[in-house]
Amino acid sequence: MVCLAALALVASASAVLGETTPRGSKASCAQFSPSNISDVTLTAATYFHAHARVDISNVFSSINTTDLPAFCRVELKIVTNATAGSFAVTEVWLPDAWNGRVVTVGNGGLGGGVTVEDLGAVAVPQGFAGISTNTGHNSGVADGAWGGPHNDNAIVDWGWRAIHLSVLAGKEITKQYYHKVAKRSYYVGCSTGRLKEIQNFPDSFDGIVVGSPAAWMSHLQPWSVHMSLNVLPATSSRFIEPSVWTDVIAPEVLKQCDALDGVTDGIINEPRACFFRPETLTCTPGQNTSTCLTEDQITTIHKLYADYYVGDQTYVFGGFYPGGEKAFGTGLVGNPPFPLSQDWFRYFVLNDTQWTQEQYNTSLLALGEQLNPGQSDAVTPNLTAFADAPHNGKVLHYVGWADQLISPGNSLHYYETVHAFARANTSLAVDDFYRLFPVPGMNHWCSGPGANSFGGGSSQKPPLSFDAEHNILGALMRWVEDGIAPSKIVAVKYKDDVPANGVAFTRPICKYPSAVRFRGGDPNSASSFFCA
Ligand SMILES: *[C@@H]1O[C@H](CO)[C@@H](O)[C@H](O)[C@H]1NC(C)=O
Ligand SMILES: *[C@@H]1O[C@H](CO)[C@@H](O)[C@H](O)[C@H]1NC(C)=O
Ligand SMILES: *[C@@H]1O[C@H](CO)[C@@H](O)[C@H](O)[C@H]1NC(C)=O
Ligand SMILES: *[C@@H]1O[C@H](CO)[C@@H](O)[C@H](O)[C@H]1NC(C)=O
Ligand SMILES: *[C@@H]1O[C@H](CO)[C@@H](O)[C@H](O)[C@H]1NC(C)=O
Ligand SMILES: *[C@@H]1O[C@H](CO)[C@@H](O)[C@H](O)[C@H]1NC(C)=O
Ligand SMILES: *[C@@H]1O[C@H](CO)[C@@H](O)[C@H](O)[C@H]1NC(C)=O
Ligand SMILES: *[C@@H]1O[C@H](CO)[C@@H](O)[C@H](O)[C@H]1NC(C)=O
């Protein structure tokens with residue numbers, strides 16, 4: 001009965017719309033009744049007129065705007081393991097003015113909630129059918145209590161399963177809604193980067209924009225605890241107050257390194273050229289210690305940046321890079337530290353809700369790596385199935401040089417392993433399918449003093465334009481569909497990060513390993529810079 005009704009709807013809608021002019025509308029949204037998708041149930045379909053108020057929030061993400069074009073919001077329940085009764089909540093936002101493509105938007109950390117912010121900011125305004133999932137649970141970004149102990153299906157859903165099933169379901173929903181198969185499938189996300197999806201399921205996407213991906217959780221979480229234990233407890237002589245980071249260390253890093261790139265603007269364009277020497281801040285006898293550094297603090301700072309300078313054999317990728325100091329004191333090396341890592345060990349690895357990070361020892365690195373909770377580690381350097389013909393998938397990867405939660409070295413490391421693998425084992429040129437764009441002065445989740453908005457999702461402000469010059473998703477589409485690969489993208493910094501306040505400056509972000517260089521002229525204009 002259900003099938004017959006759905007078939008009748010398809011037939012009549014096709015007759016009215018014709019196969020070549022698929023369109024959404026209030027009526028098609030109200031009547032939408034997807035048929036025959038196993039394990040997928042439609043729970044609601046709600047139509048929003050152009051400029052209607054879209055005021056939706058969940059524990060992870062929210063949106064409140066009247067700026068969107070008309071769309072149909074489809075809410076789904078996707079059963080992820082019938083035996084266990086586990087499921088994910090997924091939404092597909094279907095604009096009336098569809099551009100013929102789908103985009104899946106990502107999540108962050110251990111968080112669970114449909115990323116309604118990016119469905120509204122990235123997908124719908126550009127005409128994409130947008131897909132997002134709660135990853136199988138509801139929680140804030142650093143909260144892992146939902147994981148256990150022993151909630152294995154939820155952890156697998158978070159690790160890869162919910163997003164994979166959501167991409168499949170979202171494509172099918174899109175096809176049934178518009179009576180046409182999407183011609184391309186993209187991904188945009190930051191933090192919980194979905195490299196795993198292209199490694200395991202090369203057909204899911206034609207191209208992905210992946211920002212600061214936490215692709216190696218089993219190394220990243222021990223590393224985060226290790227960073228934190230360099231300074232904690234806060235009563236120790238090693239601890240550095242947040243105000244010392246912001247008021248003492250940050251200005252000194254700029255003093256030593258800001259001008260190296262030819263322009264003194266509060267942004268370290270090329271942190272790899274900066275070898276910060278904290279000794280210049282050594283306290284003199286009797287000096288107020290909130291204005292200088294003690295010997296123990298100087299030793300600590302060398303440790304925090306050391307991995308970046310020399311490489312670390314235990315955790316593999318490096319430590320802090322100079323330029324993010326204003327955010328360091330409230331992140332991993334704050335008090336309390338960013339709590340994600342402790343929760344990961346408690347609920348995903350040790351099954352011990354009382355465990356505290358002071359109990360950490362390096363043998364837990366091997367344990368975490370061996371358990372690989374949710375199979376979330378996404379470090380295989382073999383991207384051949386995704387990148388090679390006939391698929392020809394593309395990756396645009398960005399990372400803030402001033403990331404305070406995941407070392408930029410994590411991104412560089414993955415990029416280098418893909419190169420090494422391709423050189424040794426394939427005839428592929430990595431530059432033909434994978435490009436990395438470090439962003440000067442950008443923190444994790446896209447804040448910070450640099451030009452931090454270029455269409456990369458995850459709380460970025462809108463790009464200056466949705467074209468391929470200013471919008472990394474536009475650049476990806478042009479690469480996938482027209483074969484024109486980007487080597488720079490013009491990012492924008494809004495005054496106080498508020499678009500309504502106007503543009504503070506524009507600045508290119510450059511394809512690694514090239515860096516942003518000052519040509520001369522107005523430092524607020526991207527045209528005064530080049531990539532070399
Ligand atoms: C339902 O799905 C099955 C299996 O994928 C397929 O064989 C069948 O044709 C589908 N039926 C309809 C009405 O789409
Ligand atoms: C969304 O914005 C409207 C208009 O400013 C306001 O009335 C409403 O309370 C907001 N919703 C939330 C959840 O803050
Ligand atoms: C589904 O959940 C059950 C019960 O927890 C578990 O035994 C089984 O391995 C799970 N299956 C998959 C494919 O994850
Ligand atoms: C914690 O539980 C998971 C299964 O839920 C198991 O795989 C893992 O080995 C346990 N950890 C320890 C340290 O026993
Ligand atoms: C040290 O400096 C801080 C911040 O400037 C100030 O709040 C504090 O009172 C000073 N302490 C002493 C002992 O002067
Ligand atoms: C490391 O920590 C784990 C969990 O707290 C503990 O079981 C183990 O005995 C510790 N190993 C060493 C060598 O201290
Ligand atoms: C890389 O992956 C492809 C596709 O999955 C596989 O055919 C190939 O054997 C892999 N290459 C190596 C060297 O492992
Ligand atoms: C080449 O592929 C083999 C087989 O998959 C792998 O063991 C080796 O590490 C790869 N080489 C590099 C440099 O990644």
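Computed from a predicted structure; not experimentally measured. All values below come from the heavy atoms of this structure, side chains included, with hydrogens, waters and symmetry mates left out. Ligands are counted one by one from 1 in listed order, and the atoms in each one are counted from 1 as well.
The nearest protein atom to atom 6 (C) of ligand 2, hydrogens excluded, is given as N64 ND2, 4.3 Å; this is a heavy-atom distance. Protein heavy atom in closest approach to atom 5 (O) of ligand 8: F421 CE1, 4.2 Å. Atom 11 (N) of ligand 6 has as its closest protein heavy atom N361 ND2, 3.0 Å. In terms of protein heavy-atom proximity, atom 4 (C) of ligand 6 is nearest to L364 CD2, 4.0 Å.
Checked for salt-bridge contact, D431 and K511 meet the test: a charged N lies under 4.0 Å from a carboxylate O.
Taking only nitrogen or oxygen atoms, main chain and side chain alike, N425 reaches within less than 3.5 Å of ligand 8.
Those atoms of ligand 8 with a heavy atom of A424 less than 4.0 angstrom away are 11 (N), 13 (C). Set against the non-hydrogen atoms of A420, the atoms of ligand 8 under 4.0 Å away are 13 (C). Those atoms of ligand 6 that come under 4.0 Å of a heavy atom in S363, given as number and element, are 1 (C), 11 (N).
Not close to ligand 8: P381, with no non-hydrogen atom less than 4.0 angstrom away. Assignment of W355 to the shell around ligand 6 is supported, since a heavy atom sits closer than 4.0 Å.
The SG atoms of C190 and C446 sit 2.5 Å or more apart.
Atom CD1 in I198 sits 4.0 Å away from atom CD1 in I208 (nearest 0.5 Å).
No donor-acceptor distance shorter than 3.5 angstrom exists from the side chain of R238 to the backbone of T300, with no hydrogens or angles considered. In this structure, the side chain of S86 engages the main chain of N81 through a donor-acceptor pair within 3.5 Å.
Protein heavy atoms come within 4.0 Å of atom 13 (C) of ligand 8. At a distance under 4.0 Å, no protein heavy atom can be found next to atom 9 (O) of ligand 2.
The side-chain tip of K77 points at the ring of F87 from less than 6.0 angstrom away and within 45° of straight on.
The six-membered or imidazole ring of W479 lies away from that of F433, with a centre-to-centre distance of 6.0 Å or more.
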Report the C-alpha distance between F205 and Y186 in whole Å, list the side-chain angles of each, state the deciding distance to 0.1 Å, and finish with yes or no for ring pair (Phe, Tyr, Trp, His ring centres under 6.0 Å). CA-CA 5 Å; F205 303 123; Y186 295 102; 8.9 Å; no

